[in-house]
Amino acid sequence: MKKTISKDQILSGHHSAALLTNCKVTYNFNNLKEVKSFRVLELFASYKDILWDDGKHKYNVSSFLGEIDEILLGERFSAFSQEALDGLIGSLRQRGNSNATINRKMAALSKLLRKAYKMGDIHSLPEFRRQKERAGRIRFLEHEEEDRLFAAIKAKSEDAYRLSVFLVDTGCRLGEALGLIWNDLQETRVSFWITKSGRSRTIPLTVRAKEAAKWPAERGPRPKGPFATLTQPQFRAIWNEAKAEVGLGTDDQVVPHILRHTCASRLVQGGIDIRRVQMWLGHQTLSMTMRYAHLATNDLDRCVVVLERH
């Protein structure tokens with residue numbers, strides 16, 4: 001007698017009775033896949049254009065994963081073990097990486113491995129645990145610093161000045177502002193469609209942000225958007241020259257992104273609740289906005305009245 005036993009029966013143990021009889025057993029392995037192994041950089045090459053848009057973030061991810069591949073000595077794997085992940089985190093920490101930096105690098109690796117697992121390239125995943133991050137000091141511009149810096153920027157480029165005003169009064173990211181087209185601007189509001197989170201948002205405009213987004217009539221035909229004449233490298237170059245001129249050149253926290261921090265800080269200090277600030281900035285989670293919560297001290301003023309000795 002010839003009896004064929006399927007792969008599922010083999011895996012479930014249902015073939016044991018057949019083996020106890022005088023049967024001739026054949027196995028059907030037609031549906032089994034060859035187990036392959038990959039390097040981190042090979043997986044990145046396969047899925048980078050699917051998982052990440054072109055730009056600075058994709059460049060950073062490439063650097064992160066390149067470092068991880070180097071630490072792993074280019075080792076190929078068909079499963080990424082918890083032991084391998086723990087060893088990787090330990091190596092990054094020995095290199096002086098902060099927990100915040102480790103979290104960014106692990107986020108890139110996790111995203112890549114989850115895609116590879118879903119596509120069947122690897123057959124097991126480790127558990128990624130977020131490292132506890134220490135809350136750092138948030139640098140924002142005082143009004144006097146803003147005035148000096150913006151005056152220096154305006155002397156170099158009217159477009160860069162308009163963009164700076166728009167950034168500090170809307171709190172949007174530099175890429176979000178540069179990606180605007182005229183149709184995104186209404187009478188008193190602006191809609192951001194190209195965002196880091198992939199979620200659009202609409203916010204009202206201050207008077208000066210509204211003016212900053214206008215194209216001067218004397219400049220001739222309008223470009224694609226209010227700030228389309230600038231690129232990120234151009235704006236950053238103007239910014240760095242201006243900040244050096246006003247005595248902020250040695251402060252490595254005074255980068256264009258400080259305008260987003262400044263907007264958020266002013267909203268919180270002005271008594272706007274954290275939930276509304278989250279919606280304004282377009283943060284995916286409230287925990288991202290909570291970095292500014294310590295600035296909301298107005299509610300604590302009544303505590304002083306109780307503690308004062310009369």
Side-chain angles (χ1 to χ4, degrees), residues 51-61 63-64 100-101 103-104 107-108 111 136 138-141 146 149-150 153 157 159-186 189-206 208-210 212-213 223-240 242-243 251-268 272 274-292 295:
L51 297 176
W52 292 280
D53 294 329
D54 289 336
K56 182 181 178 181
H57 180 60
K58 187 175 183 179
Y59 174 81
N60 289 339
V61 167
S63 176
F64 294 161
T101 302
N103 283 334
R104 287 196 294 272
K111 188 172 184 177
I138 295 177
R139 174 77 161 91
F140 56 89
L141 294 179
E146 178 192 314
L149 180 58
F150 283 16
I153 291 174
S157 168
D159 288 343
Y161 168 72
R162 291 191 303 108
L163 176 56
S164 299
V165 170
F166 189 84
L167 290 172
V168 79
D169 272 15
T170 63
C172 72
R173 301 176 181 88
L174 178 56
E176 292 174 343
L178 294 177
L180 289 174
I181 61 174
W182 294 109
N183 200 42
D184 298 332
L185 292 157
Q186 297 81 48
R189 297 179 183 274
V190 60
S191 296
F192 299 107
W193 298 94
I194 304 173
T195 66
K196 184 178 179 180
S197 67
R199 300 175 182 177
S200 61
R201 71 183 186 280
T202 299
I203 63 171
L205 293 169
T206 64
R208 70 170 185 165
K210 181 180 174 181
K224 183 179 179 181
F227 310 110
T229 58
L230 291 168
T231 64
Q232 288 207 27
Q234 288 172 339
F235 179 71
R236 292 181 188 279
I238 294 169
W239 175 279
N240 289 334
K243 85 168 192 175
D251 193 332
D252 58 6
Q253 290 187 298
V254 181
V255 296
H257 198 73
I258 198 176
L259 300 180
R260 182 167 166 85
H261 289 318
T262 300
C263 178
S265 300
R266 289 175 181 175
L267 288 173
V268 174
I272 304 300
I274 290 294
R275 282 288 183 186
R276 284 189 173 87
V277 177
Q278 178 190 4
M279 293 172 62
W280 184 280
L281 296 176
H283 283 158
Q284 284 186 287
T285 63
L286 186 61
S287 62
M288 299 174 70
T289 320
M290 288 300 292
R291 293 179 297 171
Y292 307 100
L295 298 172

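Not measured: the values here are computed from a predicted model. Residue numbers run from 1 in the order of the sequence given. For the numbers below, each heavy atom of this structure counts, side chains included, while hydrogens, waters and symmetry mates do not.
The shortest heavy-atom contact between Q232 and L178 is CG-CD1, 3.4 Å. Nearest heavy atoms, W280 versus P204: CH2-O, 3.4 Å. I138 and R291 get closest at one heavy-atom pair: CD1-O, 3.3 Å. Nearest heavy atom pair, residue I153 against residue A242, reads CG1-CB, 3.5 Å.
Side-chain atoms of W182 come within 3.5 Å of backbone N or O of P223 as a donor-acceptor pair. Judged by distance alone, the side chain of T262 and the main-chain N or O of V168 form no donor-acceptor pair under 3.5 Å. In terms of modelled atom types and a separation under 3.5 Å, the side chain of W239 and the main chain of L149 share no donor-acceptor contact. Under the 3.5 Å distance criterion, the side-chain polar atoms of D184 are left unmatched by any main-chain donor or acceptor of L180. With hydrogens and angles ignored, the 3.5 Å screen pairs a side-chain donor or acceptor of R260 with a backbone N or O of G171. When atom types are taken as modelled, the side chain of R162 and the backbone of P226 share a donor-acceptor pair closer than 3.5 angstrom.
S164 is listed as a side-chain neighbour of F235, based on a closest heavy-atom distance under 4.5 Å. Between R201 and S191 the shortest side-chain heavy-atom distance does not fall below 4.5 Å.
The distance from the OG atom of S265 to the CG atom of L295 is 5.0 Å, given to the nearest 0.5 Å. Between atom CG of residue L141 and atom CD of residue Q253 there is a gap of 11.0 Å, rounded to the nearest 0.5 Å. Between the OG1 atom of T170 and the CG atom of L259 there is a distance of 9.0 Å, given to the nearest 0.5 Å. Rounding to the nearest 0.5 angstrom, the gap separating the CZ atom in F227 from the CG atom in L174 is 10.5 Å. I272 contributes atom CD1, which lies 12.0 Å from atom CE of M279 (distance to the nearest 0.5 angstrom). Distance SG/C172 to CD1/I203: 7.0 Å, rounded to 0.5 Å.
When the shell of 6.0 Å around CE of M288 is examined, it contains more than 12 heavy atoms from other residues, nucleotides or ligands. The environment of CH2 in W193 is sparse: at most 12 heavy-atom neighbours from other residues, nucleotides or ligands sit within 6.0 Å.
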How far apart are the C-alpha atoms of R139 and V254, what are their side-chain angles, what is the distance that settles it, and do they pass the side-chain contact (heavy atoms from CB on, under 4.5 Å) test? CA-CA 8 Å; R139 174 77 161 91; V254 181; 3.9 Å; yes

Could you go step by step and tell me if Q284 and R199 meet the side-chain contact (heavy atoms from CB on, under 4.5 Å) rule? CA-CA 9 Å; Q284 284 186 287; R199 300 175 182 177; 4.3 Å; yes

Run T206 and F166 through side-chain contact (heavy atoms from CB on, under 4.5 Å) and show every step you take. CA-CA 9 Å; T206 64; F166 189 84; over 6 Å; no

Verify side-chain hydrogen bond (donor to acceptor under 3.5 Å, both in side chains) between R189 and Q186, making sure each step is shown before the conclusion. CA-CA 5 Å; R189 297 179 183 274; Q186 297 81 48; over 6 Å; no

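Between K243 and D251 there is no salt bridge, since none of the side-chain N atoms of the basic residue sits less than 4.0 Å from a carboxylate O of the acidic one. At a threshold of 4.0 Å, the pair R208-D169 counts as salt-bridged, since one of the basic side-chain nitrogens sits closer than that to a carboxylate oxygen.
The aromatic rings of H261 and Y292 sit tilted relative to each other, their planes meeting at an angle between 30° and 60°.
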